[in-house]
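Input: a single structure, listed below in structure tokens.
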Amino acid sequence: MSIELRPLRLPNDYEALAALLNACWSEPCTAQRLEEDDAKLYTIGHTYLDENGLLAGYDRTRRVAVTEQDVIVGYVWSWRAPWTEPGYLNNTLIVAGEYRRQGAGLLLLEHVIDWGTSLGATTLVAEVWDDHPDALQFAERRGFAVERHAFQSVLNLDRVEPDRLREAETLKLLESGGLRFLTLADEPGEESERKLYELYKETLVDIPGHMGEVPDMQEWRKWYLMAEGYAPEQVIIAADGDNYVGVTNVLHNRQTNGMYHEYTGVKRAYRGRKIALGLKIKAILLAKERNAAYIRTDAHSPDQSQLGL
């Protein structure tokens, strides 16, 4: 079978791209979401080499692998944001199961390598499911090495007893110690978002696997706070007086009626007090109140596994 690459044809390709991504992503997306995300992005990139000779700036490339009948069987997206680690390119590469081992993946990867080399990139980063040995083998044969491991946890909410959670000793101790729990809907506005942004700035860089810089507030609001499934009443905050000391942002997926922990962070001076646990309990209670089917989160373990070339 003859497979070749071509640029995207949008909006026509969105449906096929969503189908490919949903074969890999744990939380499904839609063609509409992909189109909305594209509308948030720049149309022309700008990259340069910084004072250390490393790639900086932002740009992206995308290609699809197609059959002779123009059926999309593979997709690659390589990009860097202004806050990405100098020299690095982030990558998503997917080939439909029935078309693997026919050269599509290699064509897509070669495109990224050629593009990245022309920009002056030093490192390609991608993620592989650890229960997908063929994909891991494909990456390692082409020079990628395991750098860290991320794992996913899912709680089916039909097993949760909300009354027991509301009476959790952790919540009682935190609240009796002077902390209060609220949501962004309780204190809306620019000042609250600014306090949240400052909290993210301190905590984001401490997440295992975080690379690069913290985006500016406008980009943070767009990609971190108000991601797909956002609602202000789902941004749960732990506060000491007027000081925001912890946050968890929970997103709702309408397709699956599931909730996803997009982010949890606690200020360094307040760690070790089980504030993160309190936020998680509040998030589970929120999901239960919304009659969500499950709540999901991702985390990195200390010796982790992402793939870097």
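Since the structure is predicted, the reported quantities are computational estimates derived from the model, not experimental observations.
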Requested in this report: Check whether more than 12 heavy atoms from other residues, nucleotides or ligands sit under 6.0 Å from atom CZ of R164, and answer yes or no.
Outcome: no
Query raised in the report: Shared ILVMFWY cluster between L124 and W115, side chains joined below 4.5 angstrom?
Result: yes
Query raised in the report: With a cut-off of 6.0 Å (strictly less than), are more than 12 heavy atoms of other residues, nucleotides or ligands near NZ of K274?
Result: no
Report summary line: So CG of L279 and CG of L286: to nearest 0.5 Å the spacing works out to 12.0 Å
Report task. Might you confirm whether atom CD of E190 has over 12 heavy atoms from other residues, nucleotides or ligands at distances under 6.0 Å? Result -> yes
Query raised in the report: With a 3.5 Å cut-off and no angle check, do the side chains of S78 and N91 form a donor-acceptor pair?
Result: yes
**Report entry** Cluster overlap V205 with Y197, hydrophobic side-chain contacts below 4.5 Å
**Finding:** yes
**Report entry** Donor on one side chain, acceptor on other, T30 and Q255, under 3.5 Å
**Finding:** no
Requested in this report: Applying side-chain hydrogen bond (donor to acceptor under 3.5 Å, both in side chains), run through T297 and Q152 and close with a yes or a no.
Outcome: CA-CA 6 Å; T297 189; Q152 189 172 92; over 6 Å; no
Query raised in the report: Taking a hydrophobic cluster as the set of Ile, Leu, Val, Met, Phe, Trp and Tyr residues connected by side-chain heavy atoms closer than 4.5 Å, whether directly or through intermediates, do I236 and L199 fall within one such cluster?
Result: no
Query raised in the report: Checking S192 side chain against G189 main chain: does a donor-acceptor pair fall under 3.5 Å?
Result: no
Query raised in the report: Would you call K222 and E219 a salt bridge, taking side-chain N to carboxylate O under 4.0 Å as the test?
Result: yes
Query raised in the report: What about the rings of Y263 and Y200, do their centers lie closer together than 6.0 Å?
Result: yes
Query raised in the report: Nearest 0.5 Å, what's the CG-OG1 distance between N52 and T122?
Result: 11.0 Å
Query raised in the report: With sequence neighbours left out, what residues match E193 under salt bridge (charged side-chain N to carboxylate O under 4.0 Å, His left out)?
Result: R221
Report summary line: Looking only at heavy atoms, the pair that brings P215 and W83 closest together is CB-CE3, 3.3 Å
Report summary line: In this structure, CG of L171 is separated from OG of S176 (nearest 0.5 Å) by 10.5 Å
Query raised in the report: Does W77 offer a backbone N or O that forms a donor-acceptor pair with the side chain of R63 under 3.5 Å?
Result: no
Report task. Check whether any side-chain N or O of N253 sits under 3.5 Å from a backbone N or O of N257 as a donor-acceptor pair, and report yes or no. Result -> no
**Report entry** Gap separating the CG atom of L251 from the CZ atom of R296, nearest 0.5 angstrom
**Finding:** 12.5 Å
Query raised in the report: Is any NZ, NE, NH1 or NH2 atom of the basic residue among R254 and E27 found under 4.0 Å from an Asp or Glu carboxylate oxygen of the other?
Result: no
Query raised in the report: Nearest heavy-atom pair of T256 and P28: which atoms, and what distance?
Result: CG2-CG, 3.5 Å
Query raised in the report: Hey, does the side chain of R159 reach the backbone of L155 with a donor-acceptor pair shorter than 3.5 angstrom?
Result: no
**Report entry** Atom CD of E98: over 12 foreign heavy atoms under 6.0 Å
**Finding:** yes
Requested in this report: Indicate yes or no for a side-chain donor-acceptor contact from Y42 to the backbone of D59 under 3.5 Å, with no hydrogens or angles considered.
Outcome: yes
Query raised in the report: Are any side-chain N or O atoms of R80 and backbone N or O atoms of Y88, one a donor and one an acceptor, separated by less than 3.5 Å?
Result: yes
**Report entry** Candidates E262, H252, R290 - the one meeting side-chain hydrogen bond (donor to acceptor under 3.5 Å, both in side chains) with Q234
**Finding:** R290
Requested in this report: Kindly compute the distance separating CD (E233) from CG (L184), expressed to the nearest 0.5 Å.
Outcome: 9.5 Å
**Report entry** Distance-only side-chain donor-acceptor flag, Y260 / D298, under 3.5 Å
**Finding:** yes
Query raised in the report: Transitively linked via ILVMFWY side-chain contacts under 4.5 Å: L109 with I72?
Result: no
Query raised in the report: Just by modelled atom types, is the D158 backbone N or O under 3.5 Å from a matching donor or acceptor in the N156 side chain?
Result: no
Query raised in the report: Taking only residues two or more places apart in sequence or in another chain, which ones pass salt bridge (charged side-chain N to carboxylate O under 4.0 Å, His left out) with D38?
Result: R60, R62
Query raised in the report: Is it true that K172 and E167 make a salt bridge, defined as a side-chain N closer than 4.0 Å to a carboxylate O?
Result: yes
Requested in this report: In plain terms, say whether D206 and R268 are close enough for a salt bridge, that is, a side-chain N and a carboxylate O under 4.0 Å apart.
Outcome: yes
Query raised in the report: Run the salt bridge (charged side-chain N to carboxylate O under 4.0 Å, His left out) check on E15 and R33 step by step: do they pass?
Result: CA-CA 10 Å; E15 288 288 350; R33 173 190 161 185; over 6 Å; no
Query raised in the report: Is atom CD of E198 surrounded by more than 12 heavy atoms (other residues, nucleotides or ligands) closer than 6.0 Å?
Result: yes
Query raised in the report: Mind checking whether V112 and L93 have side chains closer than 4.5 Å, heavy atoms only?
Result: no
**Report entry** L41 with M226, same ILVMFWY side-chain cluster at under 4.5 Å
**Finding:** yes
**Report entry** Carboxylate-amine/guanidinium proximity below 4.0 Å for D242 and K195
**Finding:** no
Report task. Could you tell me the separation between the OH atom of Y270 and the CG atom of D240, rounded to the nearest 0.5 Å? Result -> 3.5 Å
Query raised in the report: Considering only heavy atoms from C-beta outward, does the side chain of H111 approach that of L106 to under 4.5 Å?
Result: no
Query raised in the report: Should the pair Y48 and H46 be assigned to parallel (<30°), tilted (30 to 60°) or perpendicular (>60°) ring geometry?
Result: tilted
Query raised in the report: Got a donor-acceptor contact below 3.5 angstrom from the K288 side chain to the L157 backbone?
Result: yes
Query raised in the report: Sub-3.5 Å donor-acceptor pair from the side chain of W129 to the main-chain atoms of C24, do we have one?
Result: yes
